[in-house]
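All values below were derived from every heavy atom in this structure, side-chain atoms included, with hydrogens, water molecules and symmetry-related copies excluded.
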Amino acid sequence: MYSNKKSINILTALLVKHGICNAVVCPGSRNAPIVHNLVECEDIECQSVTDERSAGFYALGMAQATHLPVVVCVTSGTALLNLLPAVAEAYYQHVPLIVISADRPPQWIDQLDGQTLPQQDALGRFVKKAVSLPEPHNDEEHWYCNRLINEALIATQQHGGGPVHINVPLTEPLYEFTTKELPEEREISILYPRNDQRPMEIVCSKFWKSKKPMIVVGQISANELMAEDFIGISGFAVVLNESLSIGCGACHFDELLCKQLPKDFLPDFVLYIGNVLVSKRMKQFLRQLPPEAPIWAVSEDEQIHDTFQSLDGVIIGHPADVLDDLKKHNDKWKSRTTPFFDRWDETLAETDEIITTFIPGYSQMAAVQCLESDLENYSDDDYVTHYGNSMAVRLANIYATHYVYCNRGVNGIEGTLSTAAGFSLTTEQTVYCILGDLSFFYDSNALWNEDLRGNLRILLLNNGGGGIFEKFEGLKESAARDRFVMAKHHTSAEGICQSYHVEYLSAHNMDELKEGINWLQQDQNERPMLLEVFTDSANDAKVLKEYYDRFRM
């Protein structure tokens, strides 16, 4: 029988899944349920060593001999600190130790309770990764616990290998052992195709044998991937991307997901390339996938991002190289379509038709539509666009048919204008920066630069506050919404433009908007140009709702 502590059972199950078979355990009360599980588990052989400092070196020697990760488990308090000499030695020898420390609940740290000290980062830079597990009470906390353990165990083998630290806070009671079986836990794998092609062959085989394959492309640098990289695959798999990634697939899936799609729209294999997705609907959609549908992510930096909460593994490599590997393993060079492919293709075509026939009234949406429509008359080599976060980038995903730059690493409102300004200093292309008012005023010092030239063009969408908050129905009941959440204001950029010698024009209706967009696209100008489009935030939200309502019919 195993411990009743879920975090310990998840940890034990994953140690077995990752092939860990040796552990050095030290006596103690707080770690007793962990030691119990390790001893109870038939797949793990335990050695008892009382002195923690010695135990760390025991584990080091065992790992040296077996060339496999070895667990060393200690109780809470100074017991963990006694492992530091062995951990430091393992770090510099690249030996894979797995330090497991029991801990007191976080609320009792530094409260003069017994055997408590801050343990989470106690081993400092001498471990490859340090995690502190939650005590799961729901599915999301269970997923989080599983992911943290997988990440730590994978880290023992990354970048030459080395020690990791898994801290396990435990509340009382500690000594209940009535769980009959360990849980069936998800193991996250990591593949290095350049070192060993055999595991990659298995993944590629699953991809080509799948009946409903999908490739989702998140934000990715414009020079990392080309549409040509998908030749031979895009006729077999549904390829979806937003404007923040290379234009190799269908962009308007966010609109398609407005309504509840039948289960047959769910893929049975997902390959995820790139970084963040703007579409919250797509993330929620793919989180419905059953466990038997594999999800593999491509990563160059060996980071593990479990965006859809059911990641099977990470393929380490350049996205284009991974796509080439997929093609090489297609023995019959399939380019056939499937019913799944046809279903998505037909529905997305219907979605595109709705988009092209929807004419927004005067609003921020109309401003972006007007600009992007005119940009279609130019070569993509002539210009680039930098969109601000929040509503601006969402409008870009509706209307942009080219690559879009946006600071989506952490999705902040700061720095959009400065990034675009810096870009404009190093290119002869016209750089369009489209952003909202809060983002602009926050970053207006970006214009405090005498070296800026006329290739910087700014479309400022000013609706007097954080307009995206208009769509949250529950927030309308809060007295704090307008002033403190939306930060409503009556500020104009005209004075700022005068101070920084930026040419300025404003628009308050559709006619002025169209004239302003034409003005913003002048061929030659010595200084930056800014078009400030004044709209009403409630009307902006109304127009956007009318747009999305068309897809719910």
Roughly how far, to the nearest 0.5 Å, is [atom2] of [Y] from [atom1] of [X]?
{"X": "R287", "Y": "I295", "atom1": "CZ", "atom2": "CD1", "answer": "10.0 Å"}
{"X": "C145", "Y": "R147", "atom1": "SG", "atom2": "CZ", "answer": "10.5 Å"}
{"X": "K327", "Y": "F230", "atom1": "NZ", "atom2": "CZ", "answer": "8.5 Å"}
{"X": "L123", "Y": "K128", "atom1": "CG", "atom2": "NZ", "answer": "14.5 Å"}
{"X": "H329", "Y": "M200", "atom1": "NE2", "atom2": "CE", "answer": "7.0 Å"}

In the structure I gave you, are the side-chain heavy atoms of [X] and [Y] within less than 4.5 Å of one another anywhere?
{"X": "V238", "Y": "K212", "answer": "no"}
{"X": "V298", "Y": "L323", "answer": "no"}
{"X": "W344", "Y": "L240", "answer": "yes"}
{"X": "I233", "Y": "F207", "answer": "yes"}
{"X": "H165", "Y": "F126", "answer": "no"}

### Task
For F265 and M214, run side-chain contact (heavy atoms from CB on, under 4.5 Å): C-alpha distance rounded to whole Å, both residues' side-chain angles, the deciding distance at 0.1 Å, then the answer.
CA-CA 10 Å; F265 274 78; M214 177 179 285; over 6 Å; no
### Message
Counting only heavy atoms from other residues, nucleotides and ligands, does the tally under 6.0 Å from OH of Y192 exceed 12?
### Response
yes
### Query
Does a sphere of radius 6.0 Å around CD in E292 hold more than 12 heavy atoms from other residues, nucleotides or ligands, not counting ones at 6.0 Å or beyond?
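More than 12 within 6.0 Å, yes.
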Which atoms form the tightest heavy-atom contact between [X] and [Y], and what is the distance?
{"X": "I220", "Y": "Y403", "value": "O-OH, 2.7 Å"}
{"X": "L80", "Y": "S101", "value": "CD1-CB, 3.9 Å"}
{"X": "Q120", "Y": "S132", "value": "CD-CB, 3.6 Å"}

Just checking, is any N or O donor in the side chain of [X] or [Y] under 3.5 Å from an acceptor N or O on the other one?
{"X": "N146", "Y": "E185", "answer": "yes"}
{"X": "N150", "Y": "H18", "answer": "yes"}
{"X": "N4", "Y": "T179", "answer": "yes"}
{"X": "N22", "Y": "T66", "answer": "no"}
{"X": "S299", "Y": "H305", "answer": "no"}

#### Entry: Donor-acceptor pair, side chain of E242 and main chain of V278, under 3.5 angstrom
yes
Would you call [X]-[Y] a salt bridge at under 4.0 Å N-O?
{"X": "D312", "Y": "K206", "answer": "no"}
{"X": "D325", "Y": "R194", "answer": "yes"}
{"X": "E172", "Y": "R30", "answer": "yes"}

### Query
Once the angle between the rings of F308 and Y272 is folded into 0 to 90°, is it parallel (under 30°), tilted (30 to 60°) or perpendicular (over 60°)?
tilted
### Ring geometry between F177 and Y175 (parallel below 30°, tilted from 30 to 60°, perpendicular above 60°)
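It falls in the tilted class, 30° to 60°.
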#### Entry: Test log, rule side chain to side chain donor-acceptor pair (under 3.5 Å), inputs N9 and N37
CA-CA 7 Å; N9 290 336; N37 263 31; 2.8 Å; yes
### Task
Examine R281 relative to Y548 and say whether NZ or CZ is less than 6.0 Å from the centre of the six-membered ring and inside a 45° cone about the ring axis.
yes
### Message
Please report whether the ring centroid of F236 lies less than 6.0 Å from that of W208.
### Response
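Aromatic pair counts; centres sit under 6.0 Å.
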#### Entry: Pairs satisfying salt bridge (Lys or Arg N to Asp or Glu O under 4.0 Å), at least one member in residues 6-25, at least two apart
K17-E184
